[in-house]
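Report on one structure; see the data block that follows.
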Amino acid sequence: MLQYFRDVYTSWIDYPLREGRRLGGRYEIVRFLGMGSYGLTYLCRDSREAGAEVVVKMAKPSKKELGRRLLQREHEILKKLQHPRIPAAGGTFEERGRLCLVTEYIAGETVEDLIFREERRFTEEVSLLFMRELLEIVAFVHGQGYVHLDVRIPNVMVRGGDIHLIDFGLARRIGDTEGQEPFENDEMRRRRTPEAQSDLYAAGHFLLFLLYSTYRADWNSPEAGWEEELTVSEGTRTLIRRLLQEEPPYADAVICMAELDRVLGALQRSSP
Ligand SMILES: Nc1ncnc2c1ncn2[C@@H]1O[C@H](COP(=O)(O)OP(=O)(O)OP(=O)(O)O)[C@@H](O)[C@H]1O
């Protein structure tokens, strides 16, 4: 019973704020974008910048000090990662004792929406081109000494045809294990260990999602693995196997990109 009251209380204090409400005396809420593990995210208009659209992420009240700390860490990391394909950090402010982080708004669609809502189909070539763009951003993040640790289709956005990587809420310095919970299973260990390979592993799954967008299940045959279900070139197969650590993994994102370029070149030469 106590747990029930706790849950009711948590959903009440974490309930999203209404549209039109002004935050920090400056940012007017246009729309609630979503609730993450530690924050509530809003699309806002900045009244001091001629109504420019920004994203304001507010630490969840229920997460108390942990929510604040994680948002602060996200801010510190975003400030260091200045890149045209990563949301720019705009600063922090307090709203009734809650920490808020302002970032650039990427007015686009997530790859998750493109695949599942718009039913967009990605050919092998387009999938590899998308992957190439993603790896460029990931290589930049790693080059600055950080790992994203949450490379997934809802965190990759497309704006004007360009890929953007968002949500640095789990990002860390490479090798920084402070405060990290023990991994629940091997999958989480591969995705969340703070090293470059984790982002490459996650990028392998990202590529699989793109490639599966053209797959039509035959409900009469038993479910099989991606190797049987997907029709892709041998180069792409090896690329995925190495990303998923089924074969010796790439040492880093730059080496992986070079391999991807070779695979892409061969594919383009062989297509009519
Ligand atoms: N900079 C941004 N530009 C545009 N949309 C964004 C931006 N940041 C977040 N969003 C959108 O806001 C929503 C909520 O994002 P948020 O990062 O708070 O949580 P989440 O990704 O759903 O969960 P979690 O943080 O636990 O992974 C998502 O739908 C995301 O696409």
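Contact annotation: the side chain of Thr103 never approaches that of Ile166 to less than 4.5 Å [non-hydrogen atoms, C-beta and beyond]. Residues Cys256 and Leu135 are in side-chain contact: their nearest non-hydrogen atoms beyond the backbone lie under 4.5 Å apart. Side-chain contact between Met35 and Lys60 is present, with at least one heavy-atom pair separated by less than 4.5 Å. Ile29 is listed as a side-chain neighbour of Cys44, based on a closest heavy-atom distance under 4.5 Å. In this structure, the side chains of Leu211 and Trp226 stay at 4.5 Å or more apart for every pair of heavy atoms. Looking at Val147 and Val141, their side chains never come closer than 4.5 Å, going by heavy atoms from C-beta outward. The closest side-chain heavy-atom distance from Leu208 to Leu230 is below 4.5 Å. Using a 4.5 Å heavy-atom threshold, the side chains of Leu207 and Leu128 count as touching.
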- prompt: Where do Tyr212 and Glu229 land on the side chain to side chain contact (heavy atoms under 4.5 Å, CB included) test, with the steps shown first?
  reply: CA-CA 9 Å; Tyr212 261 102; Glu229 291 182 339; 2.6 Å; yes
query: Ile115 and Leu210: side chain to side chain contact (heavy atoms under 4.5 Å, CB included), yes or no, with the steps?
result: CA-CA 8 Å; Ile115 295 175; Leu210 294 178; 4.2 Å; yes
Verdict with reasoning, Leu40 to Lys57, per side chain to side chain contact (heavy atoms under 4.5 Å, CB included): CA-CA 6 Å; Leu40 296 149; Lys57 193 163 173 180; over 6 Å; no
Side chain to side chain contact (heavy atoms under 4.5 Å, CB included) evaluation trace for Arg190 with Asp186: CA-CA 6 Å; Arg190 285 178 199 227; Asp186 196 47; 3.1 Å; yes
- prompt: Can you list the steps and then say if Arg242 with Glu259 is a salt bridge (Lys or Arg N to Asp or Glu O under 4.0 Å)?
  reply: CA-CA 11 Å; Arg242 294 189 65 182; Glu259 173 76 359; 5.0 Å; no
field: Intermediate values then yes/no, ring-ring contact (aromatic ring centres under 6.0 Å, His included), His205 and Tyr201
entry: CA-CA 7 Å; His205 286 273; Tyr201 177 77; 4.8 Å; yes
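For Glu136, the salt bridge (charged side-chain N to carboxylate O under 4.0 Å, His left out) criterion is met by Arg132, not counting sequence neighbours. Not a single salt bridge (charged side-chain N to carboxylate O under 4.0 Å, His left out) links Lys80 to another residue, sequence neighbours left out. Annotation: side-chain hydrogen bond (donor to acceptor under 3.5 Å, both in side chains) contacts of His75 (sequence neighbours excluded): none. Scored by the side-chain contact (heavy atoms from CB on, under 4.5 Å) test, Leu170 finds Leu149, Asp150, Arg192 as partners (sequence neighbours excluded). Residues that satisfy the salt bridge (charged side-chain N to carboxylate O under 4.0 Å, His left out) test with Asp46, not counting sequence neighbours, are Arg26. In this view, Arg173 satisfies the side-chain hydrogen bond (donor to acceptor under 3.5 Å, both in side chains) rule with no residue, not counting sequence neighbours. Residues forming a side-chain hydrogen bond (donor to acceptor under 3.5 Å, both in side chains) with Thr92 (at least two apart in sequence, or on another chain): none. Remark: Glu187 engages Arg191 in a salt bridge (charged side-chain N to carboxylate O under 4.0 Å, His left out) (not counting sequence neighbours).
Side chain of Ser213 to main chain of Phe209: no donor-acceptor pair is present (N/O by atom type, distance under 3.5 Å, no hydrogens or angles).
Scanning both residues, Ala139 and Val254, for their nearest heavy atoms gives CB-CG2, 4.2 Å. Heavy-atom minimum distance, Pro87 versus Leu78: O-CD2, 3.7 Å. Here the closest non-hydrogen pair linking Arg172 and Asp176 is NH1-O, 2.8 Å. Among all heavy-atom pairs drawn from Met131 and Gly204, the shortest one is CE-N, 4.3 Å. The two residues Ala59 and Leu71 make their nearest non-hydrogen contact at N-CD2, 3.5 Å.
Interatomic distance, OG of Ser198 versus CE of Met188, reported as 10.5 Å (0.5 Å rounding). Note that CD of Glu124 is 9.0 Å distant from OG1 of Thr214, once rounded to the nearest 0.5 Å. Taken to the nearest 0.5 Å, the CD atom of Glu112 stands 11.5 Å off from the CZ atom of Phe206. For the atom pair Glu74 CD and Asp167 CG, the distance stands at 6.0 Å (nearest 0.5 Å). One distance of note links OH of Tyr42 with OH of Tyr27; it measures 15.5 Å at 0.5 Å rounding. Here the straight-line distance linking atom CD of Glu53 with atom CD of Glu28 works out to 12.0 Å at 0.5 Å rounding.
Cluster annotation: Tyr15 and Leu43 are assigned to distinct hydrophobic clusters (Ile/Leu/Val/Met/Phe/Trp/Tyr, side-chain heavy-atom contacts under 4.5 Å, transitive). Linking Ile, Leu, Val, Met, Phe, Trp and Tyr residues whenever their side-chain heavy atoms come within less than 4.5 Å leaves Leu70 and Val55 in two separate clusters. Neither Ile255 nor Ile174 shares a network with the other; the hydrophobic side chains, linked directly or stepwise wherever heavy atoms of I, L, V, M, F, W or Y lie under 4.5 Å apart, form separate groups for each. In the hydrophobic clustering of this structure, Met257 groups with Leu129; members are Ile, Leu, Val, Met, Phe, Trp, Tyr whose side-chain heavy atoms approach within less than 4.5 Å, directly or through other members.
More than 12 heavy-atom neighbours from other residues, nucleotides or ligands sit within 6.0 angstrom of CD on Glu228. Annotation: Glu181, atom CD; neighbour count of heavy atoms from other residues, nucleotides and ligands within 6.0 Å does not exceed 12.
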Sequence neighbours left out, cut at 3.5 Å: what donor-acceptor pairs do the side chains of residues 18-25 make with other protein atoms?
unit_1: Arg21; atom_1: NH2; unit_2: Glu95; atom_2: OE2; d: 3.3
unit_1: Arg22; atom_1: NH1; unit_2: Ser47; atom_2: OG; d: 3.2

Please tabulate, for side-chain N and O atoms in residues 157-165, each donor-acceptor pair with protein atoms closer than 3.5 Å (sequence neighbours left out).
unit_1: Arg159; atom_1: NH1; unit_2: Tyr105; atom_2: O; d: 3.2
unit_1: Arg159; atom_1: NH2; unit_2: Glu104; atom_2: OE2; d: 3.1
unit_1: His164; atom_1: ND1; unit_2: Asp162; atom_2: O; d: 3.2

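Using a 4.0 Å cut-off between charged nitrogen and carboxylate oxygen, Arg73 and Glu76 do not count as a salt-bridge pair.
Residues in residues 128-156 take part in these ring pair (Phe, Tyr, Trp, His ring centres under 6.0 Å) pairs, two or more places apart or across chains: His83-Phe140, Phe122-Phe130, His148-Phe168. Among residues at least two apart or in separate chains, side-chain hydrogen bond (donor to acceptor under 3.5 Å, both in side chains) pairs with a member in residues 247-256 are Arg241-Glu247.
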